[in-house]
Amino acid sequence: MMITVETTIKAPISKVWEHWTKTEHITNWNFASDEWHCPTAKNDLQSGGEFNRRMEAKDQSMGFDFTGIYDQVNEYELIAYNMSDGRKVEIRFDEIGDEVCLSESFEAEGTNSDEMQRLGWQSILGNFKEYVEAN
């Protein structure tokens with residue numbers, strides 16, 4: 001099953017793309033709640049390139065590496081990748097006037113409920129929107 005989350009960001013497409021793809025920005029927004037953070041990120045943004053975003057609880061009680069390999073990268077339009085567990089993700093950047101609609105579709109995993117997954121990914125998008133619009 002595919003789950004889609006989206007947000008609309010009041011910023012130019014170039015800024016949205018840069019904040020989504022540059023490691024110095026990823027570490028500032030890539031977490032679902034204030035109890036978590038993203039201390040490191042690596043990003044080889046090209047077809048066949050790998051990424052790794054370390055996500056950890058701030059109290060260091062748990063953490064994991066979110067990793068995958070890019071299948072397709074079309075600047076300012078599309079990023080598609082496979083997560084390390086084989087699930088597919090597609091991110092679309094649609095410029096609408098002076099805003100960007102960012103939609104992210106991902107294959108659900110079987111451990112957590114679909115709604116829980118949707119809420120977590122949507123929360124990360126919310127952090128992204130807030131970060132881009134404030135910086």
Side-chain angles (χ1 to χ4, degrees):
M1 177 181 153
M2 294 297 286
I3 297 173
T4 300
V5 295
E6 65 181 23
T7 192
T8 301
I9 303 151
K10 294 177 184 173
I13 187 78
S14 59
K15 181 179 181 182
V16 172
W17 182 266
E18 179 178 314
H19 283 57
W20 187 267
T21 61
K22 301 289 184 186
T23 56
E24 63 266 24
H25 294 296
I26 294 169
T27 56
N28 290 298
W29 58 261
N30 191 49
F31 42 88
S33 72
D34 290 339
E35 292 80 31
W36 284 74
H37 67 146
C38 180
T40 61
K42 296 177 184 173
N43 199 31
D44 182 13
L45 187 66
Q46 63 179 326
S47 183
E50 298 181 24
F51 67 86
N52 184 341
R53 299 172 188 156
R54 180 71 185 165
M55 299 170 89
E56 293 180 354
K58 288 180 180 175
D59 68 4
Q60 299 179 343
S61 62
M62 62 179 64
F64 62 93
D65 290 321
F66 183 75
T67 61
I69 298 176
Y70 292 109
D71 294 321
Q72 185 177 356
V73 177
N74 298 349
E75 188 175 37
Y76 303 144
E77 294 177 12
L78 172 74
I79 298 173
Y81 63 86
N82 281 311
M83 290 185 259
S84 57
D85 65 5
R87 293 182 295 136
K88 296 186 180 302
V89 178
E90 185 175 282
I91 305 157
R92 294 199 171 275
F93 300 79
D94 294 311
E95 194 171 17
I96 304 166
D98 61 350
E99 298 179 332
V100 175
C101 178
L102 191 152
S103 64
E104 192 171 19
S105 299
F106 62 96
E107 288 182 311
E109 44 95 343
T111 305
N112 297 296
S113 73
D114 293 348
E115 185 59 20
M116 181 182 215
Q117 292 174 70
R118 180 186 323 279
L119 289 172
W121 286 60
Q122 186 68 55
S123 181
I124 292 170
L125 274 188
N127 285 343
F128 178 72
K129 172 186 171 72
E130 184 177 314
Y131 176 73
V132 172
E133 291 179 351
N135 293 288

**Q** For Gln60, does the CD atom have more than 12 heavy-atom neighbours from other residues, nucleotides or ligands under 6.0 Å away?
**A**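 Atom CD in Gln60 is not crowded, with 12 or fewer foreign heavy atoms closer than 6.0 Å.
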**Q** Would you say Trp29 and Glu130 make side-chain contact, with heavy atoms under 4.5 Å?
**A**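 No, their side chains stay 4.5 Å or more apart.
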**Q** Any chain of hydrophobic side-chain contacts (each under 4.5 Å) joining Met83 to Phe64?
**A**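 Yes, same cluster.
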**Q** Over 60° means perpendicular and under 30° means parallel, so tell me whether Tyr70 and Phe51 are parallel, tilted or perpendicular.
**A**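 Ring orientation of Tyr70 relative to Phe51: tilted.
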**Q** Would you please name every residue forming a side-chain hydrogen bond (donor to acceptor under 3.5 Å, both in side chains) with Ser84, sequence neighbours left out?
**A**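 With sequence neighbours excluded, Ser84 shows a side-chain hydrogen bond (donor to acceptor under 3.5 Å, both in side chains) to Thr67, given in chain and number order.
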**Q** Nearest 0.5 Å, what's the CD-CD distance between Glu75 and Glu77?
**A** 9.5 Å
**Q** Please say which of Asn28, Leu102, Ile26, Asn30 ends up in a side chain to side chain contact (heavy atoms under 4.5 Å, CB included) with Phe128.
**A**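 The option that passes is Leu102.
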**Q** Does the side chain of Phe93 reach to within under 4.5 Å of the side chain of Tyr76, using non-hydrogen atoms?
**A**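 No, every pair of side-chain atoms sits at 4.5 Å or beyond.
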**Q** Any side-chain heavy atom of Val5 sitting closer than 4.5 Å to one from Ile124?
**A**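 SC-SC contact between Val5 and Ile124 ruled out.
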**Q** Can you confirm whether Met62 is buried at CE, in the sense that more than 12 heavy atoms of other residues, nucleotides or ligands lie under 6.0 Å from that atom?
**A** no
**Q** Taking C-beta and beyond as the side chain, do Asn52 and Glu50 meet within less than 4.5 Å on heavy atoms?
**A** no
**Q** In Å, rounded to the nearest 0.5 Å, how long is the span from OG1 of Thr7 to NZ of Lys129?
**A**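 Answer rounded to 0.5 Å: 4.5 Å.
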**Q** Roughly how far, to the nearest 0.5 Å, is CH2 of Trp121 from OG1 of Thr4?
**A**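 Between Thr4 OG1 and Trp121 CH2, I get 10.5 Å after rounding to 0.5 Å.
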**Q** Are Arg87 and Asp85 close enough, and set up right, to give a salt bridge (charged side-chain N to carboxylate O under 4.0 Å, His left out), and what steps lead you there?
**A** CA-CA 6 Å; Arg87 293 182 295 136; Asp85 65 5; 2.8 Å; yes
**Q** With a 4.0 Å cut-off on N to O distance, would you call Lys15 and Glu18 a salt bridge?
**A**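 Salt bridge flag = no for Glu18 with Lys15.
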**Q** If we only count heavy atoms from C-beta on, is the Asp59 to Glu35 side-chain gap below 4.5 Å?
**A**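 Result no, sub-4.5 Å side-chain heavy-atom pair not found.
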**Q** Using 0.5 Å steps for rounding, measure from the OG1 atom of Thr40 to the CG atom of Asp65.
**A**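 Rounded to the nearest 0.5 Å, the OG1-CG separation comes to 7.0 Å.
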**Q** Is the shortest side-chain heavy-atom distance between Trp20 and Val132 below 4.5 Å?
**A** no
**Q** Donor-acceptor pair, Lys88 side chain versus Glu107 backbone, under 3.5 Å?
**A**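 No: the side chain of Lys88 does not pair with the backbone of Glu107.
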**Q** Side-chain contact, heavy-atom cut-off 4.5 Å: Gln117 with Asn112?
**A**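 The answer is yes; the side chains approach within 4.5 Å.
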**Q** Hey, could you give me the CE/CD distance between Met2 and Glu90, rounded to the nearest 0.5 Å?
**A**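 So the CE of Met2 and the CD of Glu90 are separated by 7.0 Å.
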**Q** Test of understanding: clusters of I, L, V, M, F, W, Y form through side-chain heavy atoms closer than 4.5 Å, transitively. Do Tyr131 and Phe66 belong to the same one?
**A** yes
**Q** Can you tell whether the side chains of Arg54 and Glu56 come within less than 4.0 Å, N to carboxylate O?
**A** yes
**Q** Looking at NE2 of His37 and CE of Met55, how far apart are the two atoms once the value is rounded to the nearest 0.5 Å?
**A** 10.5 Å
**Q** Side-chain contact, heavy-atom cut-off 4.5 Å: Phe31 with Arg53?
**A** no
**Q** Using modelled atom types only, decide if a donor and an acceptor are shared between the side chain of Lys10 and the backbone of Asp98 within a distance under 3.5 Å.
**A** no
